[in-house]
Student: 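Pasting a structure here, questions to come.
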Protein chains: 2
Amino acid sequence: MKQPKVTVVDVAHAAGVSKSTVSLVLQGSSLVNEATRARVGAVIRELGYVYNRGAANLRQSKSKIVGIVVNDLTNSFFAELAVGMDMVVQSAGYIQFMANTSENADRQGEVIASMREHGMAGLILSPARGTTAADLRPLVDSGIPVVLVARNVPGLKVSSVVSDGHAGAAAAVRHLIELGHRRIAFLGGFNDTAVFDERMRGFRDALLEAGLDASDELVISSAPSRAGGVAAVERMLAMRDRPTAALCFNDAVAFGACDGLRSARIEPGVDFGVIGFDDVIEAKTAVPALTTVSVDPQGMGRRAAQLLLKQINAGDFDAEAMVAAVRLVVRESCGAPQRVRELTA
Amino acid sequence: MKQPKVTVVDVAHAAGVSKSTVSLVLQGSSLVNEATRARVGAVIRELGYVYNRGAANLRQSKSKIVGIVVNDLTNSFFAELAVGMDMVVQSAGYIQFMANTSENADRQGEVIASMREHGMAGLILSPARGTTAADLRPLVDSGIPVVLVARNVPGLKVSSVVSDGHAGAAAAVRHLIELGHRRIAFLGGFNDTAVFDERMRGFRDALLEAGLDASDELVISSAPSRAGGVAAVERMLAMRDRPTAALCFNDAVAFGACDGLRSARIEPGVDFGVIGFDDVIEAKTAVPALTTVSVDPQGMGRRAAQLLLKQINAGDFDAEAMVAAVRLVVRESCGAPQRVRELTA
DNA sequence: CTCGTAATTTAGATCGTTCCAAATTTCAAG
DNA sequence: CTTGAAATTTGGAACGATCTAAATTACGAG
């Protein structure tokens with residue numbers, strides 16, 4: 001079982017040439033004679049030679065490895081993101097270290113350090129909650145290209161690809177207003193994150209633009225989860241002047257909000273308008289089907305990977321911020337006339 | 001920006017010792033004097049030295065890298081699987097190459113070859129459909145530990161971690177029988193896969209054990225997707241002696257089956273019993289909530305990773321087959337008295 | 001034949017680490 | 001002071017590739 005590992009020298013010896021020639025063949029150089037190339041190729045296959053990229057990198061010091069670090073792979077939004085990256089990384093002939101941090105910034109620091117030691121050429125990071133600029137500064141300063149995706153880290157001069165949370169939230173709110181709602185809440189999400197901030201500002205701007213109330217009490221933050229949605233909706237229902245609709249931080253919160261409404265005997269989509277954010281897979285099949293802001297995570301992942309590869313290949317580069325467009329997918333939970341709009345979107 | 005990369009020699013020079021001593025410090029050897037260790041450590045931090053694991057591996061020829069190759073990361077079942085592996089791999093101080101194959105065996109071959117060139121110490125593979133023993137033979141023969149997970153590849157002597165499809169299917173069928181069903185179908189899945197075969201046999205054995213009809217016409221294969229479920233249920237409804245319940249190949253098929261039943265004005269969970277397989281996240285929140293066989297993919301991932309690491313550390317090892325237990329989660333789609341059983345499971 | 005140029009091939013240094021064998025330092029006992 | 005064992009430190013050869021500069025071979029022209 002334990003093969004004694006064949007190297008270029010073995011191949012060279014077996015083919016009756018020098019290791020330099022074998023190296024040339026490996027690189028597909030045009031310098032080598034056709035007959036020689038064929039002979040060496042045959043020997044390579046015969047001996048079952050496996051190229052040692054580590055040894056090569058040592059000399060060349062530029063690897064074909066990128067790092068992908070994601071905060072939560074069990075969330076289908078981020079899984080799609082990762083798959084999008086995977087596609088372009090693979091077809092560019094690179095391979096990726098990929099790690100999940102479970103929103104743990106310490107763990108994130110460890111895996112990034114480990115990837116660095118292993119010689120990654122660049123990193124795509126969907127940062128864990130609580131990631132600070134200081135955490136990433138050493139990496140960025142070392143000159144390794146870094147692309148942040150989905151979430152930004154304030155105070156850091158690196159490239160990023162994020163969705164247009166402001167526009168998405170505003171579009172959602174405008175739609176609710178159009179449906180006749182006049183008092184609208186924003187539910188869920190931790191209010192210390194950049195993503196929350198952006199979506200919430202979109203929410204507020206759209207209200208102000210329509211001359212409606214946008215006071216702070218309408219913004220109820222909570223964990224960005226189903227449970228958080230339940231909690232937030234409870235607090236909302238306790239208000240004296242109750243809203244008639246809500247934009248939720250993400251789809252998980254929206255589902256939780258629906259749960260909470262039902263246990264108060266309020267039917268989401270009929271008695272109360274609910275809109276989510278992200279358009280996760282379940283949004284389409286839930287009851288009622290969730291109106292939500294669709295983000296195309298796979299496309300975002302692809303774009304982030306393309307940006308990273310571009311920066312790796314360019315010796316020098318500047319930080320570049322990309323904002324991915326979003327679109328409102330109208331289904332049933334907002335109480336709109338059924339499905340009419342989704343078809344035209 | 002472009003740091004001129006500091007090496008052990010630089011550190012050695014700055015600390016006034018030899019590179020051998022620095023190496024010793026790096027490895028935490030007890031041979032080195034406490035004062036020296038401290039001084040070197042300080043210099044390392046000061047210069048921002050980054051360990052080059054590639055160079056080290058070259059000399060030691062044993063890396064801290066494992067490969068994880070998954071057939072479909074957008075499927076939450078496999079995403080959970082990957083997260084389980086990630087957890088144990090990370091805490092063992094390893095780092096993983098991770099790639100998605102989208103059920104493409106060619107792509108799978110490419111990424112595995114690439115990972116090999118990069119020097120992975122072992123591989124966990126959830127094989128793409130159509131993977132043959134011949135595809136993996138060279139890798140296995142090279143002595144690199146391989147663990148197959150979720151799906152097996154017949155004719156290959158490697159370790160594997162799979163769920164107990166036979167027992168799960170049998171338990172589901174017994175439950176349906178207990179509820180009074182006497183004619184039960186098996187819907188969906190490609191009948192040329194090992195997983196299909198196993199679940200289908202569990203289905204048939206449970207029927208025979210109860211003295212019920214288990215003829216071939218009750219097994220209707222199709223794509224293992226929502227669309228496949230719709231198609232399968234249509235064919236089932238065209239039978240003269242119509243079943244009153246069905247076990248589905250997986251949850252996606254089960255959802256499709258529900259869709260198909262509804263468009264025939266048959267209410268799943270009331271007029272017809274449906275059971276799925278895998279217990280994906282949506283199963284709990286669907287309407288009706290899906291009765292299904294729960295597999296604990298994260299636990300399976302963890303076990304697979306533990307097995308792989310064990311084999312990597314053991315110089316020599318034997319192929320080991322693990323079968324993960326499953327449990328039936330009774331919800332509403334099978335028409336059972338609501339929720340009673342889930343609480344006791 | 002002999003030459004010069006183009007086409008091939010090659011020796012040997014190098015990348016950043018580990019590891020062996022040997023050298024050096026330390027220090028308590030004689 | 002010596003001395004020898006224990007404690008530290010170190011030079012230099014690997015590891016498996018690439019790369020440079022130089023060596024060798026081929027071949028058509030004179």
Side-chain angles (χ1 to χ4, degrees), chain A residues 2-41 43-44 47-65 113-114 116-121 142, chain B residues 2-41 43-44 47-65 113-114 116-121 142:
Chain A
K2 206 110 230 181
Q3 312 285 71
K5 195 184 316 188
V6 7
T7 76
V8 273
V9 180
D10 301 319
V11 173
H13 188 257
V17 296
S18 77
K19 62 178 162 41
S20 304
T21 303
V22 176
S23 175
L24 255 13
V25 171
L26 253 17
Q27 303 171 64
S29 163
S30 63
L31 288 179
V32 18
N33 182 288
E34 210 38 67
T36 315
R37 177 194 307 289
R39 186 152 36 97
V40 171
V43 172
I44 284 180
L47 298 188
Y49 166 76
V50 176
Y51 185 75
N52 184 332
R53 226 166 261 277
N57 290 342
L58 185 52
R59 187 71 224 276
Q60 311 182 132
S61 74
K62 49 139 125 155
S63 77
K64 288 283 207 173
I65 306 178
S114 175
R116 238 184 122 183
E117 293 186 350
H118 279 98
M120 66 174 168
S142 77
Chain B
K2 205 110 229 181
Q3 312 284 72
K5 194 181 322 185
V6 9
T7 76
V8 273
V9 180
D10 302 319
V11 173
H13 188 256
V17 296
S18 76
K19 62 177 163 42
S20 304
T21 304
V22 177
S23 175
L24 256 12
V25 171
L26 252 17
Q27 301 170 65
S29 163
S30 62
L31 289 178
V32 20
N33 183 287
E34 210 39 66
T36 314
R37 176 194 309 288
R39 185 152 35 95
V40 172
V43 172
I44 283 180
L47 298 189
Y49 166 76
V50 176
Y51 184 73
N52 183 333
R53 225 165 262 277
N57 290 343
L58 184 53
R59 188 72 228 272
Q60 310 183 131
S61 73
K62 46 136 124 167
S63 77
K64 287 285 208 172
I65 306 177
S114 175
R116 242 185 118 181
E117 293 186 349
H118 280 97
M120 66 174 168
S142 78

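In what follows, chains are A, B, ... by sequence order, proteins preceding strands, each numbered from 1.
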Student: Between A:Gln27 and D:dA17, is there a side-chain N or O to OP1/OP2 distance below 4.0 Å?
Tutor: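 A:Gln27 to D:dA17 OP1/OP2: no side-chain N or O under 4.0 Å.
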Student: Between B:His118 (NE2) and D:dA17 (P), how many Å, whole number?
Tutor: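 Computing the B:His118:NE2 to D:dA17:P distance gives 13 Å.
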Student: For residues A:His118 and A:Ile65, report the shortest heavy-atom separation together with the two atoms involved.
Tutor: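 Reported closest heavy-atom pair: O-CD1, 4.3 Å.
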Student: Out of C:dT17, D:dG16, C:dT14, which nucleotide sits closest to the side chain of B:Arg59?
Tutor: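 Ranking C:dT17, D:dG16, C:dT14 by closest atom to the B:Arg59 side chain puts C:dT17 first.
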Student: Could you pick out which residue, B:Ala55 or A:Val17, lies toward the 5' side of DNA chain C when each is mapped onto its nearest nucleotide?
Tutor: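 Per heavy-atom nearest nucleotide, the more 5' residue is A:Val17.
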Student: Any idea which heavy atoms bring B:Val6 and B:Tyr49 closest together, and the distance?
Tutor: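 Heavy atoms only, the tightest pair is O-CD1, 3.3 Å.
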Student: What integer distance in Å separates A:Lys62:NZ from C:dT14:C1'?
Tutor: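 These atoms are roughly 17 Å apart.
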Student: In whole angstrom, what separates B:Lys19's NZ from D:dC15's C1'?
Tutor: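 Atom NZ in B:Lys19 sits about 14 Å away from atom C1' in D:dC15.
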Student: Kindly give the heavy-atom pair with the smallest separation between A:Ser29 and A:Val32, and that separation in Å.
Tutor: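 Minimum heavy-atom separation between A:Ser29 and A:Val32: O-CG1, 3.4 Å.
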Student: Does C:dC15 have OP1 or OP2 under 4.0 Å away from a side-chain N or O of A:Ser61?
Tutor: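 No.
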Student: For a quick test of reading the model: is some side-chain N or O of A:Ser18 closer than 4.0 Å to OP1 or OP2 of C:dT10?
Tutor: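 Yes, A:Ser18 has a side-chain N/O under 4.0 Å of OP1/OP2 on C:dT10.
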Student: Establish, with yes or no, whether the OP1 or OP2 oxygen of D:dT10 is under 4.0 angstrom from a side-chain nitrogen or oxygen of B:Thr21.
Tutor: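 Checking B:Thr21 against D:dT10: at least one side-chain N or O falls below 4.0 Å of OP1 or OP2.
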Student: Taking all non-hydrogen atoms of both residues, which atom of B:Lys5 and which atom of B:Asp10 are closest, and how far apart?
Tutor: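 Result for this residue pair: O-OD2, 3.8 Å.
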Student: Between B:Ser30 and A:Arg53, just flag the one whose closest nucleotide in DNA chain D comes earlier from the 5' side.
Tutor: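 The residue whose closest nucleotide sits nearer the 5' end is B:Ser30.
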Student: B:Asn33 CG to D:dA6 P: how many Å, rounded?
Tutor: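 In whole Å, D:dA6 P lies 18 Å from B:Asn33 CG.
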Student: Over all heavy atoms of both residues, which pair between B:Leu47 and B:Ala14 is shortest? Give the atoms and the distance, please.
Tutor: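 Scanning both residues, the minimum pair turns out to be CD1-CB, 4.1 Å.
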Student: Please determine, for the side chain of A:Tyr51, which listed nucleotide (D:dT18, D:dT8, C:dT9) has the closest atom?
Tutor: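 Shortest atom-to-atom distance from the side chain points to D:dT18.
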Student: Any side-chain N or O of A:Ser23 under 4.0 Å from OP1/OP2 of D:dA17?
Tutor: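 Checking D:dA17 against A:Ser23, no side-chain N or O comes under 4.0 Å of OP1 or OP2.
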Student: Using atom CG of B:Leu47 as one end and atom P of C:dG16 as the other, report the distance to the nearest whole Å.
Tutor: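 So the two atoms are 14 Å apart, to the nearest Å.
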Student: Answer yes or no: does a side-chain N or O of A:Thr36 lie under 4.0 Å from OP1 or OP2 of C:dT9?
Tutor: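 Yes.
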Student: Which of these nucleotides, D:dA17, C:dT10, D:dA13, is closest to any side-chain atom of A:Ala56?
Tutor: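 Of D:dA17, C:dT10, D:dA13, D:dA17 is nearest to the side chain of A:Ala56.
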Student: Between B:Ser20 and B:Leu58, which has a closest nucleotide on DNA chain C that is more 5'?
Tutor: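 This one resolves to B:Leu58.
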Student: What is the separation between atom CG on B:Leu31 and atom C1' on C:dA22, rounded to the nearest whole Å?
Tutor: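 Roughly 14 Å, once rounded to whole Å.
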Student: So which heavy atom on A:Ser63 is nearest to which on A:Gly119, and how close?
Tutor: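 Looks like OG-O, 2.6 Å.
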Student: A:Asn52 has a side chain; which of C:dT9, D:dA17, D:dA13 sits nearest to it?
Tutor: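 For A:Asn52, the side-chain atoms sit closest to D:dA17.
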Student: Quick one: B:Glu34 CD to D:dT9 P, roughly how many Å, whole number?
Tutor: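 Atom-to-atom, B:Glu34 to D:dT9, this comes out as 10 Å.
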Student: Between the base of D:dG16 and the side chain of A:Lys5, is one N or O donor paired with an acceptor at under 3.5 angstrom?
Tutor: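 In this structure, the two groups form no donor-acceptor pair.
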Student: Tell me the interatomic distance from B:Leu24, atom CG, to C:dC19, atom P, rounded to whole angstroms.
Tutor: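 It is 10 Å, rounded to the nearest whole Å.
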